[in-house]
Amino acid sequence: ARLLRGHSVSPEAADPEARYPAAREQSRLFFLQSLSPASSAYNETFAFDIEGPLQAEQLRAALNVLVARHAALRTRFELVDGVVSAIPSAPYEVDLPCLPEAEAEARCNTPFDLSRPEMLRASLTGLAQDRHLLFLTIHHIAIDGQSITEFLMQLSALLGGQPLASPAKPYQAFAQTRADFRLSEGYDRQIADWQQDLSQILPLGFQPLFPAEGHSGRAGGFHQASIGGAQWRALQVCAQEHGVSLFALLALLFANGLSRLTGRTDIAIGAPVANRSLGDFERLVGMCVNTVPFFVEIRRDDRLGDAVTRLDRHLKRTLARQDVDFDEVRDIAVATGRTTALFDTMLVLENTHLDQLKIGGANVTPRLYCKPEAKFPLTLFVTETSDGADLVFEYQTAVLSPLQITALADAIGCGASALPGSLALALGALSVGADDGRAQLRGWSEGSRVAIGEPWLPDAVKAHNPDDIAVSDQ
């Protein structure tokens, strides 16, 4: 209660039952959760090792302040006449139980009931004297990557006794701004651009890499790798000197690795975009992110420099129409005759900074939390660090095996090492750690989970523990 004094909450708290039509981004997640009510795939859990003194009651009070301040954390949803309604509710008290680690993780993985407003869960696990694990779990309908960074910064300020800035605009303002833009000529122009491009691109192929037939369940696996500091800086310099984005380089490395390991040359990938450009929503805590598809044609005879320039142009054109809701992009694809998903592989250049959580007198270290379910057959998360970049591969174990993911990580790592000095070479000459014949993991293009035999594995991959691979410049 002491922490609540002197900290204003967001304006909509004065009318906690102010119903509004959910944003498209929220509606999509509502329907996905409704289709699989027992799924925890959209539970976003963040874990932190805390070494040093921790005042649990102060932490709980700070979480309560943030629930009161941000309506997205206390909004329930219901379907009325085919329309999803969002209903901000009165602030609730956050529980902060101290549980054994297995029980805390089970709590993190319990599906959310979106008809209830409690979108934030927290728990602690005592590991030793003055050492704890903190788990924060929020449903994706209430938060995105940029939001969690803002959330952690505000939590740190409260724990440090610092004043908070004036509240950001309420989430209703974001939802209304998006709805208004859908009635504008600018939105129509972006729709027309998607129609033109998809009508030209989709007939060329670009089918999902992992057809859904024969696979069931979302059981997830995780694999960690890293790109060392010198290699990461070389990629940044290469992008700057060549006049392309770093994301374009990473996308080419990812697509080339997928191509060399699957035999496919038409690679469709999805990527999240912040989706906050239509107003002053940078500090908003809520689900804002949109998703866009992009398409990479791998031409082995192309110069690497030409390939990345072409991809960068395509990405810039894609980002210029990022305000079109993904559901409408999918509908445009269906109108062209597409009957399968636009993509089943994701590339995420993270804008989540978990190192923003600070607790006075304690060392706080983010810990990778391995969710039991994966949303997509394959997602690569790339997070810049002080020592380069962390790569986290999240994959569905019914579709892909640890050895396949190890081979892909090895291919991307080798490519990252070789690319900065190879822009004049043919794309097919870019090193992926082994020749195509030995590196290809047969069966990917047919969507089957391959029990990989020794002949299909590169020597470099055989030497690795599948659960512990790092690409390093040390």
Side-chain angles (χ1 to χ4, degrees), residues 7-31 42 44 64-80 83-92 114 117-120 138-155 157-158 163-191 272-292 319 321-328 351-352:
H7 289 290
S8 59
V9 297
S10 41
E12 69 271 25
D15 185 7
E17 294 299 323
R19 178 190 300 261
Y20 65 95
R24 292 276 184 90
E25 295 75 16
Q26 293 174 314
S27 296
R28 185 183 313 125
L29 289 169
F30 176 87
F31 285 118
Y42 292 94
E44 302 299 332
N64 283 331
V65 170
L66 294 180
V67 166
R69 185 178 176 86
H70 300 293
L73 301 176
R74 49 183 172 81
T75 294
R76 60 188 178 91
F77 298 85
E78 59 182 44
L79 187 64
V80 180
V83 177
V84 180
S85 291
I87 308 167
S89 302
Y92 54 86
L114 299 186
E118 296 88 359
M119 293 294 161
L120 168 65
I138 306 173
H139 195 279
H140 196 17
I141 203 169
I143 207 158
D144 58 20
Q146 187 164 330
S147 294
I148 191 62
T149 300
E150 181 67 25
F151 177 90
L152 294 175
M153 291 172 63
Q154 293 185 20
L155 179 59
L158 289 169
L164 297 182
S166 299
K169 291 180 180 179
Y171 190 86
Q172 289 99 317
F174 170 81
Q176 187 60 55
T177 298
R178 295 283 300 158
D180 291 344
F181 184 69
R182 283 193 290 273
L183 303 176
S184 71
E185 293 182 359
Y187 195 79
D188 291 341
R189 286 193 294 270
Q190 291 191 30
I191 287 281
V273 291
N275 199 27
R276 295 170 183 247
S277 62
L278 295 178
D280 182 19
F281 299 114
E282 288 302 307
R283 293 178 44 248
L284 177 65
V285 171
M287 171 54 187
C288 301
V289 72
N290 193 16
T291 304
V292 296
L319 290 176
R321 56 191 180 214
Q322 63 178 283
D323 298 314
V324 175
D325 297 303
F326 174 74
D327 290 347
E328 292 211 41
N351 61 352
T352 303

Rounded to the nearest 0.5 Å, the CD atom of Glu44 sits from the NE2 atom of His139 at a distance of 8.5 Å
Shortest non-hydrogen pair, Val84 vs Ser27, comes out as CB-OG, 3.7 Å
Exercise for review: Would you mind reporting whether Met119 and Leu114 have side-chain heavy atoms less than 4.5 Å apart?
Suggested key: yes
In this structure, OH of Tyr171 is separated from CD of Gln26 (nearest 0.5 Å) by 3.5 Å
### Aromatic Phe281 / basic Lys169 pairing, under 6.0 angstrom, 45° off normal
yes
Interatomic distance, OG1@Thr177 vs CG@Leu278, rounded to 0.5 Å, equals 7.0 Å
For residues 139-152, the salt bridge (charged side-chain N to carboxylate O under 4.0 Å, His left out) pairs (sequence neighbours left out) are Asp144-Arg276, Glu150-Arg283
Across all chains, not counting sequence neighbours, the side-chain hydrogen bond (donor to acceptor under 3.5 Å, both in side chains) partners of Asp327 are Arg28
Notebook entry, point to check: Is there a side-chain contact between Ile191 and Arg321 (heavy atoms, below 4.5 Å)?
Noted result: no
CZ (Phe151) and CG (Leu73) are apart, to the nearest 0.5 Å, by 6.0 Å
Asn351 meets the side-chain hydrogen bond (donor to acceptor under 3.5 Å, both in side chains) criterion, sequence neighbours left out, with none
Here the gap from Gln154 atom CD to Arg69 atom CZ, rounded to the nearest 0.5 Å, amounts to 4.5 Å
By side chain to side chain contact (heavy atoms under 4.5 Å, CB included), Ser277 pairs with (sequence neighbours left out) Asp323
What one should report as the nearest heavy-atom pair of Gly186 and Phe181 is C-CZ, 3.9 Å
Between Ala157 and Leu164, the two heavy atoms sitting closest are CB-CD2, 3.7 Å
Between Ser147 and Leu284, the two heavy atoms sitting closest are OG-O, 3.3 Å
_Check whether Thr291 reaches the backbone of Val289 with its side chain - one donor and one acceptor, N or O, closer than 3.5 Å._
no
For Pro117 and Tyr92, the nearest pair of non-hydrogen atoms, with its separation, is O-CE2, 3.5 Å
Problem - Evaluation steps, side chain to side chain contact (heavy atoms under 4.5 Å, CB included), between Arg74 and Leu120 - result: CA-CA 8 Å; Arg74 49 183 172 81; Leu120 168 65; over 6 Å; no
Between Ala72 and Ala142, the two heavy atoms sitting closest are O-CB, 3.2 Å
**Message:** Looking at Cys288, is its backbone amide N or carbonyl O close enough to the side chain of Asn275 to form a donor-acceptor pair, meaning the two atoms are under 3.5 Å apart?
**Reply:** yes
Taken in chain and number order and not counting sequence neighbours, the residues that satisfy side-chain hydrogen bond (donor to acceptor under 3.5 Å, both in side chains) with Glu78 are Arg19, Arg76
Audit row: Asp180, Tyr187, side-chain hydrogen bond (donor to acceptor under 3.5 Å, both in side chains) steps and yes/no
CA-CA 10 Å; Asp180 291 344; Tyr187 195 79; over 6 Å; no
Would you call Glu328 and Arg24 a salt bridge, using N to O less than 4.0 angstrom?
-> yes
With sequence neighbours left out, the residues meeting side-chain hydrogen bond (donor to acceptor under 3.5 Å, both in side chains) with Tyr42 are none
When rounded to the nearest 0.5 Å, the distance separating OH of Tyr20 from CD of Gln172 is 5.0 Å
